[in-house]
Participant: 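Before anything else, here's the structure in question.
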Amino acid sequence: MKVRNCIAALVCWVLTVSAMAAPVEISGVKLEEAIDISGSRLQLNGAGIRYKAIFKVLVAGLYLGKKVATPEEVFAAPGPKRMSLTFLRDVDSQEFSKQFMKGFADNTGADEVAKLAPALTRMSQLITAQKKFLTGDTLTIDWIPGSGTVIAFKGQPQGQPFRESELMNGLLAMWVGKNPADARLKDALLGKPS
């Protein structure tokens, strides 16, 4: 009887662990529950859809070392961080860059924006160089301590890391700051039920 109970407990444990490790699927986009970046294990803090008017634009996922529930905790979280974006429709890269920079300015003080202007100009150039984001294309923004902020399209890093330590929190503020482009997405990224 004890052996049977042990086997039953083991089976329940395996099923629970398997269910926890299963990818999250949003609008056909699968996001892993956990990823490894630069030797650190990050977990999906939250994920959701970015809408513009009634149109689904992209699926965003926020990865951190541990789950948090407030913007302040996101900004203060130590170690690597990732914002993952998967496009749900074709998007012109110039228009996306314009909206990206507007979102940054809407959530960052003017002095900080001025200080980061060279980095923001370079980031805008990396984005617009893509010409167009097609449905299914991915863009990731990683903060890697000691290296900087790394932008990757379709898994390929673009240019050198951005060394400015304040840049990543400014980028994250676009999604979870005081003036996010999509308040529902902000709540989803912070793990709040919809």
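Just so you know, these numbers come straight off a predicted model, no measurement behind them.
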Participant: I'd like to check Thr86 versus Leu58 (side-chain heavy atoms, cut-off strictly below 4.5 Å). Are they in contact?
Facilitator: no

Participant: Could you give me the CA-CA distance, side-chain angles and deciding distance for Val74 and Leu190, then say whether side chain to side chain contact (heavy atoms under 4.5 Å, CB included) is met?
Facilitator: CA-CA 8 Å; Val74 170; Leu190 293 173; 3.7 Å; yes

Participant: For residues Met174 and Pro180, determine if any side-chain heavy atom of one lies less than 4.5 Å from a side-chain heavy atom of the other.
Facilitator: no

Participant: Quick one: are Leu172 and Met83 in side-chain contact, heavy atoms under 4.5 Å?
Facilitator: yes

Participant: Where do Pro161 and Ser147 come nearest, in terms of heavy atoms and distance?
Facilitator: CB-O, 3.4 Å

Participant: Under 4.5 Å between side-chain heavy atoms, hopping through other hydrophobics if needed: is there a path connecting Leu42 to Leu139?
Facilitator: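 No, it is not one cluster - the side chains of Leu42 and Leu139 are not joined through contacts under 4.5 Å.
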
Participant: Please tabulate, for side-chain N and O atoms in residues 45-55, each donor-acceptor pair with protein atoms closer than 3.5 Å (sequence neighbours left out).
Facilitator:
residue	atom	partner	partner atom	Å
Asn45	OD1	Val68	N	2.7
Asn45	ND2	Val68	O	3.2
Asn45	ND2	Leu189	O	2.8

Participant: So, taking the atom named CG in Asp106 and the one named CD in Gln99, what distance separates them when rounded to the nearest 0.5 Å?
Facilitator: 9.5 Å

Participant: Taking side chain to side chain contact (heavy atoms under 4.5 Å, CB included) as the definition, give me every residue that meets it alongside Ser124, ordered by chain and number, with sequence neighbours left out.
Facilitator: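 Expected list: Ser97, Met101, Thr128.
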
Participant: Check whether Phe104 and Ile151 end up in the same hydrophobic cluster, where Ile, Leu, Val, Met, Phe, Trp and Tyr are linked by side-chain heavy atoms less than 4.5 Å apart.
Facilitator: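 Hydrophobic grouping puts Phe104 with Ile151.
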
Participant: Determine, using the 4.5 Å side-chain heavy-atom cutoff (strictly less than), whether Phe100 and Leu62 are members of one ILVMFWY cluster.
Facilitator: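 Phe100 clusters together with Leu62.
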
Participant: Applying the 4.5 Å side-chain criterion to the ILVMFWY set and letting contacts propagate, would Leu85 and Trp143 be lumped into a single cluster?
Facilitator: yes

Participant: Would a 4.5 Å heavy-atom cut-off, applied to side chains only, mark Leu167 and Leu171 as touching?
Facilitator: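 In contact.
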
Participant: Is it the case that over 12 heavy atoms from other parts of the model lie below 6.0 angstrom from the CD atom of Glu166?
Facilitator: yes

Participant: Is there a donor-acceptor pair closer than 3.5 Å between any side-chain N or O of Gln158 and the backbone N or O of Gln156?
Facilitator: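 Yes: the side chain of Gln158 pairs with the backbone of Gln156.
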
Participant: Is there a side-chain contact between Ser93 and Lys132 in this structure, where contact means two heavy atoms from C-beta onward sitting under 4.5 Å apart?
Facilitator: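 The answer is no; the side chains never approach within 4.5 Å.
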
Participant: Measuring from Leu116:CG to Glu112:CD, what's the distance to the nearest 0.5 Å?
Facilitator: 5.0 Å

Participant: Sequence neighbours left out, what passes side chain to side chain contact (heavy atoms under 4.5 Å, CB included) with Thr121? Give chain and number order.
Facilitator: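 Only Gln125 meet the side chain to side chain contact (heavy atoms under 4.5 Å, CB included) criterion with Thr121.
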
Participant: Nearest heavy-atom pair of Val150 and Pro157: which atoms, and what distance?
Facilitator: CG1-CB, 4.0 Å

Participant: Should we count CD of Gln160 as having more than 12 external heavy atoms under 6.0 Å?
Facilitator: no

Participant: Supply the atom-to-atom distance Leu31 CG to Leu44 CG, rounded to the nearest 0.5 angstrom.
Facilitator: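 With rounding to 0.5 Å, CG (Leu31) is 6.0 Å from CG (Leu44).
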
Participant: Got Gln43 and Glu33 here, is their nearest side-chain heavy-atom distance under 4.5 Å?
Facilitator: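 Counting from C-beta outward, Gln43 and Glu33 never come under 4.5 Å.
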
Participant: Might you point out which heavy atoms bring Gly170 and Thr108 nearest each other, and give the distance in Å?
Facilitator: CA-OG1, 4.0 Å

Participant: With a 4.5 Å limit on heavy-atom distance, are the side chains of Ile127 and Phe153 in contact?
Facilitator: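 Sidechains of Phe153 and Ile127: in contact.
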
Participant: With distance as the sole test, does Asp137 use its side chain to make a donor-acceptor pair with the main-chain N or O of Leu134 at under 3.5 Å?
Facilitator: yes

Participant: Is there a continuous path of hydrophobic side-chain contacts, each under 4.5 Å between heavy atoms, that joins Ile26 to Ile35?
Facilitator: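 Ile26 and Ile35: one cluster.
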
Participant: Let me confirm one number: the CD-CG distance from Gln130 to Asp92, rounded to the nearest 0.5 Å.
Facilitator: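 One gets 12.0 Å once the value is rounded to the nearest 0.5 Å.
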
Participant: What are the two closest heavy atoms between Lys186 and Pro71, and how far apart are they?
Facilitator: CE-CG, 4.0 Å

Participant: Do Arg82 and Asp142 meet the salt-bridge criterion of a basic N to acidic O distance under 4.0 Å?
Facilitator: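 Looking at Arg82 together with Asp142, the answer is yes, because their closest N to O distance falls below 4.0 Å.
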
Participant: Pair Asp36, Arg41 - check salt bridge (Lys or Arg N to Asp or Glu O under 4.0 Å), show working.
Facilitator: CA-CA 5 Å; Asp36 290 310; Arg41 189 84 168 152; 3.1 Å; yes

Participant: Answer yes or no: are there more than 12 heavy-atom neighbours, outside Lys102 itself, under 6.0 Å from its atom NZ?
Facilitator: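 No, not enclosed.
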
Participant: Report the distance from atom CD1 of Ile144 to atom NZ of Lys81, rounding to the nearest 0.5 Å.
Facilitator: 13.0 Å

Participant: Look at the rings of Phe133 and Phe87 and say which category their plane angle falls in: under 30° parallel, 30 to 60° tilted, over 60° perpendicular.
Facilitator: parallel

Participant: May I ask you to test the Thr149-Ile141 pair for a side-chain heavy-atom distance under 4.5 Å?
Facilitator: yes

Participant: I need the Glu164 CD to Asn169 CG distance, nearest 0.5 Å.
Facilitator: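 Here the rounded value is 13.5 Å.
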
